[in-house]
Amino acid sequence: MALLLGAALALWAASLQRDRAAAERQAAYAQAAQDGADAVAGSLHACGMLLRSVQTVFLASEDVDPQEFAHIYENLRPRAEFPSLQAIAYARREQRPGGDRYPTLLVLPLAGNESVVGLDVASQPNNLAAVLASRDTDQVAMSAPFRLVQSGRSGMDGAGVTMRLPVFSPGLPPRTVAERRARLRGSLATSFLVRR
């Protein structure tokens, strides 16, 4: 009887220890997941602030030329903060009878991103959806994953995403959707490979 009681107590104690260890593992996994989510959210917020900084220059200027764009890029040092950044780009809105076009005029760094110059963002549905979402809200919009035009180069395999903010005509930021749509001049983007 004592032997059976001792065995039962030992099994009960082992079960408690196993449950406690499982709970501790689960709590550690949950904390790691939360830490990862917080890190990603922090990086996304910082990237949004980067885009907002560039947008402010466009709001203050009638025309940002390639040299000014290069100065902005160099001053912000985006790859120091975002090593996985593929490019920062500006696409100008061109209103046409068949629908707006968004040819990409400015891209930095240019090395490795030459294929982005001249790209019509309207030809990429996921990218265009982010342009339109950011236009209507004046908030950063992330595209659904899609194949970046730089894909095919060494180390560039896989899906990418863009984060976008609109570029409005100079002046105070527009306050209504109708005003945003009327004043839209183009769209700024940062691009990243998803796997990075």
Side-chain angles (χ1 to χ4, degrees), residues 40-82 84-110 113 116-146 148-150 159-192 194:
V40 169
S43 290
L44 292 175
H45 178 72
C47 187
M49 294 305 295
L50 168 77
L51 278 170
R52 187 70 70 188
S53 298
V54 178
Q55 181 196 45
T56 301
V57 174
F58 275 84
L59 270 173
S61 176
E62 193 62 44
D63 183 36
V64 174
D65 64 32
Q67 185 176 9
E68 289 172 310
F69 195 68
H71 290 162
I72 295 166
Y73 181 86
E74 289 301 319
N75 189 52
L76 291 172
R77 298 181 200 105
R79 283 202 165 156
E81 180 74 26
F82 310 102
S84 61
L85 176 74
Q86 183 58 39
I88 295 180
Y90 167 68
R92 182 182 63 211
R93 177 188 187 197
E94 293 181 356
Q95 295 176 291
R96 297 186 185 172
D100 289 351
R101 295 286 170 236
Y102 296 89
T104 304
L105 304 181
L106 303 171
V107 179
L108 286 174
L110 188 57
N113 294 301
V116 178
V117 177
L119 171 73
D120 181 3
V121 176
S123 69
Q124 298 175 318
N126 289 350
N127 205 357
L128 180 61
V131 169
L132 302 179
S134 70
R135 171 201 66 190
D136 287 352
T137 62
D138 192 19
Q139 297 295 319
V140 175
M142 181 182 282
S143 71
F146 65 99
L148 298 176
V149 295
Q150 302 96 317
V161 294
T162 59
M163 293 178 67
R164 290 205 165 265
L165 260 182
V167 170
F168 300 114
S169 57
L172 292 172
R175 300 291 178 209
T176 66
V177 172
E179 191 181 356
R180 290 179 191 124
R181 289 179 178 184
R183 288 184 51 199
L184 184 71
R185 287 190 331 180
S187 180
L188 292 167
T190 55
S191 58
F192 302 88
V194 172

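Just so it is clear, the structure is predicted and the values come from calculations on it, not from any experiment. Atoms considered below: every heavy atom in the structure, side chains included; atoms not considered: hydrogens, waters and symmetry mates.
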Check whether [X] reaches the backbone of [Y] with its side chain - one donor and one acceptor, N or O, closer than 3.5 Å.
{"X": "N113", "Y": "Q86", "value": "yes"}
{"X": "E74", "Y": "A70", "value": "no"}
{"X": "R185", "Y": "E62", "value": "yes"}
{"X": "R93", "Y": "L184", "value": "yes"}
{"X": "Q55", "Y": "P166", "value": "yes"}
{"X": "E81", "Y": "P78", "value": "no"}
{"X": "T104", "Y": "L119", "value": "yes"}

Less than 3.5 Å apart, any donor N or O on the side chain of [X] or [Y] sitting next to an acceptor on the other?
{"X": "N126", "Y": "S143", "answer": "no"}
{"X": "S169", "Y": "R183", "answer": "yes"}
{"X": "S134", "Y": "R164", "answer": "no"}

Is [Y] close to [X] at the side-chain level, that is, under 4.5 Å between some pair of heavy atoms?
{"X": "V149", "Y": "Q124", "value": "yes"}
{"X": "L105", "Y": "V117", "value": "no"}
{"X": "V64", "Y": "I72", "value": "yes"}
{"X": "T162", "Y": "F146", "value": "yes"}
{"X": "S191", "Y": "V161", "value": "no"}

Checklist entry - Under the salt bridge (charged side-chain N to carboxylate O under 4.0 Å, His left out) criterion, do D100 and R135 qualify, and how do the steps go? => result CA-CA 13 Å; D100 289 351; R135 171 201 66 190; 5.4 Å; no

Item to check | D136: partners by salt bridge (charged side-chain N to carboxylate O under 4.0 Å, His left out), with sequence neighbours left out | outcome: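 Listed in chain order: R181.
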
Checklist entry - Among all residues two or more places apart in sequence or in another chain, which pass the salt bridge (charged side-chain N to carboxylate O under 4.0 Å, His left out) test with R101? => result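 Here the qualifying residues are D120.
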
Next on the checklist: Working note: Y90 + F58, criterion ring-ring contact (aromatic ring centres under 6.0 Å, His included); need CA distance, chi angles, decisive distance, verdict.
Outcome noted: CA-CA 10 Å; Y90 167 68; F58 275 84; 4.7 Å; yes

